[in-house]
Protein chains: 2
Amino acid sequence: MVVNRLDDVVTGALEVLDAYGLEFCSMRRVAGHLDVQPSALYHHVADKQTLLALMADRIVADVEVSAAGSVRERARSLVRALRAAMLAVRDGAEVVATASAFRLGASQVEADLVDVLADKQGARTLLLFVFGHTQATQMHRMAASVGAIEPDPDLDASFDRGVDIVLRGLL
Amino acid sequence: MVVNRLDDVVTGALEVLDAYGLEFCSMRRVAGHLDVQPSALYHHVADKQTLLALMADRIVADVEVSAAGSVRERARSLVRALRAAMLAVRDGAEVVATASAFRLGASQVEADLVDVLADKQGARTLLLFVFGHTQATQMHRMAASVGAIEPDPDLDASFDRGVDIVLRGLL
DNA sequence: ACCTGAACACCGTTCAAGT
DNA sequence: ACCTGAACACCGTTCAAGT
């Protein structure tokens with residue numbers, strides 16, 4: 001694989017993440033996957049934290065607000081799309097939640113949610129729930145897939161209930 | 001310092017955590033702080049994850065439910081005490097949140113909150129907010145103390161507002 | 001501009017051996 | 001029971017040097 005664009009590095013890093021998980025998504029492994037020396041990555045990216053932030057941005061890149069519907073409906077669908085995007089890649093929730101904690105308010109999804117709810121604190125409250133619940137879901141699924149735990153089939157419903165609790169308190 | 005009890009290891013680890021932060025709280029550093037070889041720690045603890053879980057338990061050890069008051073008041077005071085306990089040690093929120101994510105439902109605080117609210121899903125929703133908000137607060141304070149950011153004086157109020165939103169949706 | 005090679009200062013964990 | 005010493009297989013990052 002040829003690497004000469006930052007996008008290729010991010011793509012390769014996401015492939016390593018999805019295949020091995022965050023714990024093993026090291027700079028050295030990403031470099032190896034790209035058939036390049038570890039030091040080569042630092043020509044494209046300042047450090048690992050920056051790379052993780054770029055990965056987070058890509059994970060949520062296609063999450064968009066719907067134009068139609070009530071406030072509750074728009075918030076629900078946005079937050080469901082965010083959850084789906086994070087669940088689509090291994091350890092995606094942890095990567096996005098951490099990056100989002102570092103630069104609070106800088107993400108597009110957060111801005112969209114503030115816009116829909118017209119309440120900054122409310123949007124942050126809902127978002128913190130979404131991140132926490134999705135991280136827990138993803139950890140639970142990994143543990144279940146390894147057979148360490150019996151799978152819980154009600155996680156989707158549990159997510160929706162939590163979202164409803166917050167929205168009911170908010171609207 | 002003499003190390004012959006598991007408690008001493010946990011105490012030493014918490015001292016290192018508070019002094020240097022989670023990033024530098026390595027097994028080797030904890031061992032060095034205890035004047036012991038790194039391998040000695042493994043006589044007391046199975047691995048680093050286990051040690052972190054014990055540290056988390058100690059951080060929240062003194063958080064207790066009040067017997068008196070309305071449901072809302074008891075939930076509020078429990079959750080405030082939890083937040084204060086986590087903020088009292090550097091990176092405490094991250095340590096507790098991570099440990100708590102690994103063994104969901106195993107902590108005493110979570111059991112207490114389920115008891116007060118008489119709603120398992122509601123307790124989990126509130127707890128996810130508390131962890132997320134407190135982690136963000138702690139990161140913000142570290143950044144502000146280094147001068148990387150202007151301090152936000154309204155974080156306590158912001159926390160209370162978020163708690164109220166969830167409780168209003170819940171009760 | 002993009003990458004190599006080598007080095008620096010670290011990790012977590014294991015395991016035989018000592019007391 | 002508690003610990004040492006040495007080793008194994010890794011990390012992130014820097015930097016001169018090559019093309």
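Note that this is a predicted model, so its numbers are computed, not measured. In what follows, chains carry the letters A, B, and so on, assigned in the order in which the sequence lines appear, proteins first and then strands, with residues in each chain numbered from 1.
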Between B:K48 and A:P38, which has a closest nucleotide on DNA chain C that is more 5'? A:P38
Can you spot which of B:D91, B:V63, B:V130 makes a side-chain contact (heavy atoms from CB on, under 4.5 Å) with B:M86? B:V130
Kindly say if B:Q37 contacts the phosphate of D:dG5, meaning a side-chain N or O under 4.0 Å from OP1 or OP2. yes
Take atom CZ of A:F24 and atom C1' of D:dG12, then tell me their distance rounded to the nearest Å. 17 Å
Quick one: B:L41 CG to D:dC2 P, roughly how many Å, whole number? 13 Å
Name the nucleic acid region contacted by B:S26, choosing base, sugar-phosphate or nothing; use a 4.0 angstrom heavy-atom cut-off, strictly under. sugar-phosphate
Can we say A:D160 and A:R83 salt-bridge, meaning some charged N sits less than 4.0 Å from an Asp/Glu carboxylate O? no
Under 3.5 Å, is there a donor-acceptor pair linking the side chains of A:D8 and A:T11? no
Would you tell me if any nitrogen or oxygen in the side chain of A:H43 comes within less than 4.0 Å of OP1 or OP2 on C:dT4? no
5'-most by nearest nucleotide on DNA chain D - A:A46 or A:R29: A:R29
Salt-bridge present (B:R161, B:D164; N to O < 4.0 Å): no
Phosphate contact (D:dC3 OP1 or OP2) by B:H44 side-chain N/O below 4.0 Å: yes
Taking atom P in both D:dA9 and C:dA9, what distance in whole Å separates the two? 23 Å
Taking atom C1' of C:dC11 as reference, at what distance in whole Å does atom CG of B:L22 sit? 14 Å
Paired with D:dA16: which nucleotide, if any, by Watson-Crick or G-U wobble criteria at under 3.5 Å for both distances? C:dT4
In whole Å, what is the span from the OH atom of A:Y42 to the C1' atom of C:dA1? 19 Å
